[in-house]
Protein chains: 2
Amino acid sequence: MGRGKIAIKRIDDSTNRQVTFSKRRNGLLKKAKELAILCDAEVQVIIFSSTNKIYEYSSSSMTSVIQRYNRCKDEKDQVVNSTSDVKVRAVPSASFPSGT
Amino acid sequence: MGRGKIAIKRIDDSTNRQVTFSKRRNGLLKKAKELAILCDAEVQVIIFSSTNKIYEYSSSSMTSVIQRYNRCKDEKDQVVNSTSDVKVRAVPSASFPSGT
DNA sequence: TTTGCTATCTATAACTA
DNA sequence: TTAGTTATAGATAGCAA
């Protein structure tokens with residue numbers, strides 16, 4: 001999306017990598033926020049830079065998202081096996097069946 | 001980013017909201033993955049749709065990210081506040097001008 | 001209904017100061 | 001170095017099946 005096309009692989013030059021990180025991080029957080037608002041979804045993003053700084057966005061509280069996530073996992077008992085690929089796991093549940 | 005510009009507010013029409021959710025969710029997950037690869041960052045995204053489906057991406061394991069997050073919170077207690085760059089907290093109304 | 005198309009809008013790679 | 005500019009690649013809103 002810029003003057004040239006880039007391959008999706010680790011950027012070798014550290015300065016360039018840092019600049020790209022800053023720009024894309026902002027972009028990602030903005031998109032996350034837009035998705036939450038537009039679609040009435042609960043969205044959470046956590047980013048650790050390679051220099052160990054943390055950046056985050058959560059449409060509600062971090063804790064509640066993580067708890068909701070854990071509850072979901074507890075019921076479904078799988079999922080967390082995400083590799084480095086995009087693992088989009090849909091857990092269809094129309095409501096919150098406590099004792100299914 | 002499409003045939004017309006839209007305001008960042010909840011989409012009223014449920015069909016349209018569902019379609020937009022599907023498209024933007026994919027976009028967000030793709031961006032998250034790109035950021036992780038390009039910039040050697042650890043990135044996690046959790047999304048709950050308004051119909052309670054969960055979608056997620058994590059560049060490493062979900063558990064390790066959440067643990068790292070908790071450790072970070074525990075140690076520093078400041079997290080994102082130090083960087084005036086990205087002040088995306090769970091306070092929606094403050095930072096969205098939505099200029100006409 | 002949902003998927004695919006594409007004109008248009010947005011993010012950003014490379015450049016400049 | 002980092003911050004600002006801009007041309008281009010990429011995302012997507014509305015439409016068509």
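- Considering only the side chain of A:N16, C:dA14 comes nearest among C:dA11, C:dA14, C:dC9.
- Applying the 4.0 Å criterion to OP1 and OP2 of D:dT1, one finds that A:T15 has a side-chain N or O inside that range.
- As a whole-Å value, the separation of A:K23 NZ from D:dT2 P is 12 Å.
- Side-chain atoms of B:R3 come within donor-acceptor range of the base of C:dT6, with a qualifying N/O pair under 3.5 Å.
- The side chain of A:K31 contributes an N or O atom lying less than 4.0 Å from OP1 or OP2 of D:dT12.
- Side chains of A:S49 and A:T51: a donor on one and an acceptor on the other come within 3.5 Å.
- Minimum heavy-atom separation, B:D13 to B:N16: OD2-N, 2.8 Å.
- For the residue pair B:Y69 / A:E56, a side-chain donor-acceptor distance below 3.5 Å is found, with atom types taken as modelled.
- Ranked by how close their nearest DNA chain C nucleotide is to the 5' end, A:M1 and B:S22 are led by B:S22.
- We find that CD1 of A:I8 is positioned 13 Å from C1' of C:dA11, with the value rounded to whole Å.
- As a whole-Å value, the separation of B:Q18 CD from D:dT12 C1' is 15 Å.
- Between A:K9 atom NZ and B:L38 atom CG the span is 9.5 Å, to the nearest 0.5 Å.
- Between D:dG10 and B:K30, no contact under 4.0 Å exists linking OP1 or OP2 to a side-chain N or O.
- A close approach under 4.0 Å does not occur between any side-chain nitrogen or oxygen of B:T20 and OP1 or OP2 of D:dT12.
- Atom pair A:R17:CZ and D:dT1:C1' shows a separation of 16 Å (rounding to whole Å applied).
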